[in-house]
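Have a look at the structure below, then the notes.
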Amino acid sequence: MRGEHVTRQRLLIAGVLLSALFYLLPWGQQLDMTTYDTLFLLRGTKEVPRDIVFVAIDEASFLQIGERWPWSRKLHAAAIDNMFRMGAETIALDILFTEPASPDEDAALREALAAGHTTVLASDIVTTIDDRFEYESILEPVSTLRTPETLIGHISTPSDNDGFVRRASLFLEDHPSLALQAVRAYAGQRCCDPLPADGFFINYYGGPETLKTVSFYQVLAPGQYLPPDTFRDKLVIVGVNTTNSVMPNRRTPDHYPTPYTRWGGGYMPGALIHANIAANLLNHNAIAFLRPEVVAGAGVIIALVFWRLTIGRRLRVRILAGAALVAGILALAVIAFSYFYQYASPVGLLLPLFAVFIFSPYYDYLEATQERAFMRGALSNYVSPQVVEMLDRDPASLRPGGTRVNATALFLDIAGFTRLTEKNSPEVIVEFVNELLSVAVEYGLDSGGTVERFLGDAAVIIWGAPVAQDDHAIRACETALKIAERIQEISVTASERLGAEVSVRIGINSGTMIAGNIGGKRRFNYTVMGDAVNLAARLEGVNKIYHTTILIGSETRRLVGERFVCRMIDRIRVRGREQISDVWELVGVFGKVPSVRLNCIGEYAAALEHYQAGELGRAERGFARALGFMEDDGPSEVMHRRTQMLAQRRRENRPWDGIYNLDR
């Protein structure tokens, strides 16, 4: 059985590890990227950066200017002059000027580039693939346009396997990107340090229409189209935004899918992607991406911890717990992504958890089948059908050996049993004992208790084991009152039939006990042991001293609260036990005890305080007043006689501690 248990564990752990491996493979990463894109949709559009302006070479500009591409470099020079005059701080041109134009055009553009603040020109890396070799060449701006203040940055836009652009490549073969050069020129060389060597995930602010955009033709006539502060203290990125390719060396438009594209956000021009990267660098809000192997490891740990915590639980509980955990992980992922720019893959965290749900039914089925057979064979002879049913639903609550439990033990004994045996035949005695014990068994099992054992005319019933019950003390007290009431009814006719009075004594105590299967290899019983059990047995016998029916320990009294009327009888020290015990009488259910008895109890409580304080005269009078309310009250009568006797000893100067020591 142990070997099969280990095999089941290994199968489940293997399933969890396989799910984590799947996440690390390309299929899992593709699923992860879809989830990543979804978070942009859930987050929505972020607040647009105010320090970046995109100047679009768009269809409207082609229509207004009326020229085919490439435009005269004098137009670019005029646009640059106007933007610098309107206060632009840095201008980055996502336009390739790799070939010389006419001398006057190049001179005009060079003069515009040198007249203002820092400008950034674009370079690109072109890959030539042949049957015999693969060669990369760098396309840089023509030398006639460069000035000492002009920086150069590459405009390559690397994409993932699905073609989506999610990552920023700040360096290609030690060549900085256009966005990085623009930000360094705008905010200082060290503004972005330390830089991630392998780039970062772009925190897109929205779709193509999100960032502030101005058409190129408007820059040529700013007084007609633009407010005076359009470019003041701004970083300006100029680039193409057309549906058709106008750039040399490119057969397709310079547009790329981004996370917003998946949900209908349209394709984004490369220049706008660079603008988003620049905004991330300026505002230090790029997406921090937790490494996949770290996420996979965390997912495995979460799944295995969840499995260990919920193993053996009901399916309904596990589903609810699993749903709550999944919802919590998703909620944290959305919050971390939206507000803290952190991405910990929900796919990597949840796939191992889903593996637990997939493999758990098989594991649970085998576990339940084996343990159910063991449980029924071990308990069917001495626990209630209700308990067996509960154990059948929750086999993990029963294990061979002993375990610590918080439980309540009830000891019941028939009072005056010796006199009954003297006056009646064995057949009559057995029939009568069975009748009384059947009452105890019936009420005990109905309340969810377990009949731990029979000892001749006595019985022991426990609550809280083998199945845990939070209200074990309340169940025991309710059962005791029902047993006492029912046996009192039986005694009316049984006393005449048997020739002796019939009653029971009950002792109840709660606390920590050792519960389990105790015995030999061929024969064992489910039982409870410990100091709390021993005290319950002693309390049953203490009833004879105080002429009571039900006595409970102080821990039981604490657990039941105000549900029952309880009377503190005395403070005692039983034989073989140094600890002092407060003994309480279980009188009845709160609200159902007659007022005359409550008055008697009140007087008794006041007298007991005087007694424990050593004020024996006042105590004697108090117990006498209690007897005035109920002359047959056993505890009041016992304590009244005791105070009279102890008063004489006090006159002999004997020591006093208010504790009654029992010799047996």
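Fair warning: this is a prediction, and the values are worked out from it, not measured in the lab. Keep in mind that the numbers below use all heavy atoms, side chains included, and drop hydrogens, waters and symmetry copies.
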Exactly one candidate in V347, L351, L17 meets side-chain contact (heavy atoms from CB on, under 4.5 Å) with F22; the answer is L351

Among I552, I601, V587, which residue meets the side-chain contact (heavy atoms from CB on, under 4.5 Å) test with C566?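 Testing C566 for a side-chain contact (heavy atoms from CB on, under 4.5 Å) against I552, I601, V587 leaves exactly one candidate, I552.
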
Walk me through whether F357 and F306 qualify under ring pair (Phe, Tyr, Trp, His ring centres under 6.0 Å). CA-CA 10 Å; F357 279 101; F306 174 82; 5.6 Å; yes

With distance as the sole test, does [X] use its side chain to make a donor-acceptor pair with the main-chain N or O of [Y] at under 3.5 Å?
X: Q469; Y: G448; result: yes
X: R557; Y: G561; result: yes
X: D471; Y: I474; result: no
X: S338; Y: I335; result: no

Derivation and outcome, side-chain contact (heavy atoms from CB on, under 4.5 Å), residues Y660 and Y546: CA-CA 12 Å; Y660 188 68; Y546 295 96; 3.8 Å; yes

For atom [atom1] of [X], is the number of surrounding heavy atoms from other residues, nucleotides or ligands below 6.0 Å larger than 12?
X: E489; atom1: CD; result: yes
X: Q488; atom1: CD; result: no
X: N434; atom1: CG; result: yes
X: R291; atom1: CZ; result: no
X: E431; atom1: CD; result: no

When the side chains of residues 502-512 are checked against the rest of the protein, which donor-acceptor pairs come out under 3.5 Å, sequence neighbours left out?
{"unit_1": "R505", "atom_1": "NE", "unit_2": "E540", "atom_2": "OE2", "d": "3.1"}
{"unit_1": "N509", "atom_1": "ND2", "unit_2": "A532", "atom_2": "O", "d": "3.0"}
{"unit_1": "S510", "atom_1": "OG", "unit_2": "T408", "atom_2": "OG1", "d": "2.6"}
{"unit_1": "S510", "atom_1": "OG", "unit_2": "T556", "atom_2": "OG1", "d": "2.7"}
{"unit_1": "T512", "atom_1": "OG1", "unit_2": "N406", "atom_2": "OD1", "d": "3.2"}

Test Y443 against I461 for side-chain contact (heavy atoms from CB on, under 4.5 Å), laying out the working first. CA-CA 10 Å; Y443 286 123; I461 307 174; over 6 Å; no

Using a strict 4.0 Å threshold on nitrogen-to-oxygen distance, state whether [X] and [Y] make a salt bridge.
X: R642; Y: D570; result: yes
X: K482; Y: E478; result: no
X: E485; Y: K592; result: no

Is there a side-chain contact (heavy atoms from CB on, under 4.5 Å) between R621 and R625 once you walk through the steps? CA-CA 6 Å; R621 292 189 293 274; R625 285 193 296 272; 3.9 Å; yes

Looking at every heavy atom in both [X] and [Y], which two are closest together, and how far apart are they?
X: I483; Y: A440; answer: CD1-CA, 3.6 Å
X: V528; Y: E452; answer: N-OE2, 3.5 Å
X: R567; Y: P635; answer: NH2-CG, 3.5 Å
X: T479; Y: S447; answer: OG1-OG, 2.9 Å
X: S19; Y: V16; answer: OG-O, 2.5 Å
X: A344; Y: L290; answer: CB-CD2, 4.1 Å

Give the C-alpha distance, both sets of side-chain angles, the deciding distance and a yes or no for side-chain contact (heavy atoms from CB on, under 4.5 Å) between L616 and Y611. CA-CA 5 Å; L616 298 181; Y611 171 80; 3.9 Å; yes

Between CG on residue L586 and CG on residue L481, distance to nearest 0.5 Å: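 Answer rounded to 0.5 Å: 4.0 Å.
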
So [Y] and [X], do their side chains get closer than 4.5 Å, heavy atoms only?
X: V460; Y: T527; result: no
X: R404; Y: M513; result: no
X: L325; Y: I302; result: yes

Does the plane of the ring in F337 sit parallel, tilted or perpendicular to the ring in Y343? Use 30° and 60° as the thresholds.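 Plane angle over 60°, so perpendicular.
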
Would you please name every residue forming a ring-ring contact (aromatic ring centres under 6.0 Å, His included) with F623, sequence neighbours left out? Y604

